[in-house]
Amino acid sequence: MKLRLRGVRKSFGSKVVLDGIDLDVGEGAVVCLIGSSGSGKSTLLRCINLLEPLDDGVIELDGLDIAEPGLPPDPIRRRIGMVFQSFNLFPHLSVLDNVALAPRKVLGVPTAVARVEALELLARFGLADKAGDFPDRCSGGQQQRVAIARALAMQPELLLLDEITSALDPELVGEVLDVVRDLRQSGMTMILATHEMAFAREISDRVCFLDAGRILESGPPQQLFGAPQHDRTKAFLLRVIDAGRLER
Amino acid sequence: MQQEPTRRQRWERRQRRRSIAVAALSSTTALVAVVLAVPRLPGYRKVRAAFFDGEIFVDTFGPLARAFLYDLQIFAWCAPAILMSGMAIALARTARSPALFPLRVAATVYTDGVRGVPVVLWIYLIGFGVPGLLQSRTWSNPVLWGSTALIVAYSAYVAEVFRAGIESVHESQRAAARSLGLSNTQTLRHVVLPQAVRRVIPPLMNDLVSLQKDVALVSFLGPVEALRRAQSFKSSLANFTPYVGAALLFLCVSVPLTRLTDHLLQRERRRMSATAIR
Ligand SMILES: Nc1ncnc2c1ncn2[C@@H]1O[C@H](COP(=O)(O)OP(=O)(O)OP(=O)(O)O)[C@@H](O)[C@H]1O
Ligand SMILES: [Mg+2]
């Protein structure tokens, strides 16, 4: 798996949200997107998953330009998993069926097999006893872990995580971050948009600082957090430190 | 083993007894008031003789009930047809593909146009108009065209109910489904529609209850169903009691239908917020 973005542009009306993004993500890499609210992190992830059409630019997945207008998006989306800030579980399906739905319908896995595999995934994240429950009976942390399991059930080559802990109570953040650590261990390629700076520093191979739709600065976490080059990056990190989200 | 009730249980039991007592008292008061007051109204005797003649009621109820089976039959084939065509129109209205633009326009014109005309007018227009146009003996059955008129009219109302349901499912549900690789159709079928339909069951049942009553409008075209039967009894007996009998028959269906809706809703609510045992 290799992802390569060149000159990705996206506007909503007259508002430019992504203003020429270049990004390379190799197999097994973990890349964090940081930046202030409105800088375009979510939009970038949605573009990579083709949930938003690009205005311009190239997104290559293993050499195939998936941003080519007119290319059927479904076969590409099933190779890329996505987890959302607000979980977006299907409320009318049990936890187990949430996880098993896409393998059954998209890959044609027989229901019984899909359920067994779904249960294995849930068990891996400590959710086996929640399998028969409906999502609204689960805590936020449990729901988000189910959402991760649901994305993994399609065995994606790349996982996009959009501020997956932002809607959680502080004491539930840890259990979800543990799952991400676990995924990193297993070699999953991931792009995370996050406000959890300490976690970004710990987990990522590379951190990208987004500002007004551009990647202003990027590098290994020690470098970006330890010796930021741009004034805007420094100002952002200082604000983050003031807000108590990062230690000095 | 008998367990000592908790403090909460004792309190709840006391509350329950109290509410039952209050309800019983207020109901009795209301009933007594009606029973005492209504007979004192000046026209009471006349009305009682005209509407509540026990003998006429007994004599006419059997034939009325048989005629009512006709209403039930019309309802039984109209309801599924309406649900299906209503859903089809709703899907056409909410279709997003540009290729389906003409379909979307047609569905919008249909729902707006049809709902702008009273149901009874559709019965007349289609029930007399179409056979008039066709001028064919085999295709002049009034029940056929009466049913068609009901289906035409009610599909528009039901389509709007379904459309509201479809649009009430949040965009993020579609995004989640599409991100898993589900196609547009699969997303609709497995994610959007199941949630949409559950949400609109109450308004849908309301429409079915009104349909069940509007079936009587088909009688304007000639078929002798309960309302028409009651009408002819009224003419021959010079008494309104058969209408009361017909009303009771309609109530026998619409009240259980309404209760069933409530029951389904409650069960659904419990199911969604309780541990599923399977
Ligand atoms: N569908 C849309 N229509 C119009 N504007 C949009 C849309 N989606 C996003 N935007 C705008 O694009 C900009 C970037 O939004 P985006 O959600 O990508 O930011 P973000 O970096 O993820 O912010 P946050 O940290 O708050 O999640 C914002 O100004 C937002 O208002
Ligand atoms: Mg965002």
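Here the structure is a predicted model, which means the values were calculated and not measured. Order of the sequence lines sets the chain letters (A, B, ...), proteins ahead of strands, with each chain counted from 1. No hydrogens, no waters, no symmetry mates; every other heavy atom, side chains included, goes into these values.
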Trainee: Atom CG of A:D74 and atom OG of B:S183: how far apart are they, to the nearest 0.5 Å?
Mentor: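 Answer rounded to 0.5 Å: 5.5 Å.
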Trainee: Return the CG to CD distance between A:L51 and B:E171, rounded to the nearest 0.5 Å.
Mentor: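 The CD atom of B:E171 is 9.5 Å from CG of A:L51, to the nearest 0.5 Å.
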Trainee: Side chain, backbone, both or neither: which part of A:I76 has an atom under 4.5 Å from a heavy atom of chain B?
Mentor: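 Contact with chain B involves no heavy atom of A:I76 at all.
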Trainee: Checking heavy atoms, do the side chain of A:I80, its backbone, both or neither come under 4.5 Å from chain B?
Mentor: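 It is the backbone, since no side chain atom gets that close.
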Trainee: Quick one: what part of A:R79 sits under 4.5 Å from any heavy atom of chain B, side chain, backbone, both or neither?
Mentor: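 A:R79 has no heavy atom closer than 4.5 Å to chain B.
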Trainee: Check whether any side-chain N or O of A:H92 sits under 3.5 Å from a backbone N or O of B:L193 as a donor-acceptor pair, and report yes or no.
Mentor: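 No.
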Trainee: Can you name the closest pair of heavy atoms from B:L180 and A:V106 and give their distance?
Mentor: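 Heavy atoms only, the tightest pair is O-CG2, 4.2 Å.
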Trainee: Of all heavy-atom pairs between A:K105 and B:Q186, which one has the smallest distance, and what is that distance?
Mentor: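 Result for this residue pair: O-NE2, 2.9 Å.
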Trainee: At a 4.5 Å cut-off on heavy atoms, which part of B:Q173 comes close to chain A: side chain, backbone, both, or neither?
Mentor: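 Both parts, heavy atoms under 4.5 Å.
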Trainee: Please look at A:N49 and chain B and tell me whether the side chain, the backbone, both or neither of the residue comes under 4.5 angstrom of a heavy atom of that chain.
Mentor: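 For A:N49, side-chain heavy atoms alone lie under 4.5 Å from chain B.
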Trainee: Compare every heavy atom of A:P91 with every heavy atom of B:Q195, then report the nearest pair and how far apart it is.
Mentor: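 So the two residues come closest at OE1-CG, 3.3 Å.
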Trainee: Check this for me: B:Q9, atom CD, are more than 12 non-hydrogen atoms of other residues, nucleotides or ligands nearer than 6.0 Å?
Mentor: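 Above 12, so yes.
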Trainee: Counting only non-hydrogen atoms closer than 4.5 Å, does A:M154 touch chain B with its backbone (N, CA, C, O), its side chain (CB onward), both, or neither?
Mentor: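 Answer is side chain: those atoms of A:M154 sit under 4.5 Å from chain B.
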Trainee: Tell me whether B:R10 at atom CZ has more than 12 heavy atoms from other residues, nucleotides or ligands lying less than 6.0 Å away.
Mentor: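 Above 12, so yes.
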Trainee: Restricting to non-hydrogen atoms, name the atom on B:A176 and the atom on A:R150 that form the minimum distance, rounded to 0.1 Å.
Mentor: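 What the structure gives for the nearest pair is CB-NH2, 3.5 Å.
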Trainee: Under a 4.5 Å cut-off applied to non-hydrogen side-chain atoms, are A:F84 and B:S179 in contact?
Mentor: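 A side-chain contact under 4.5 Å exists here.
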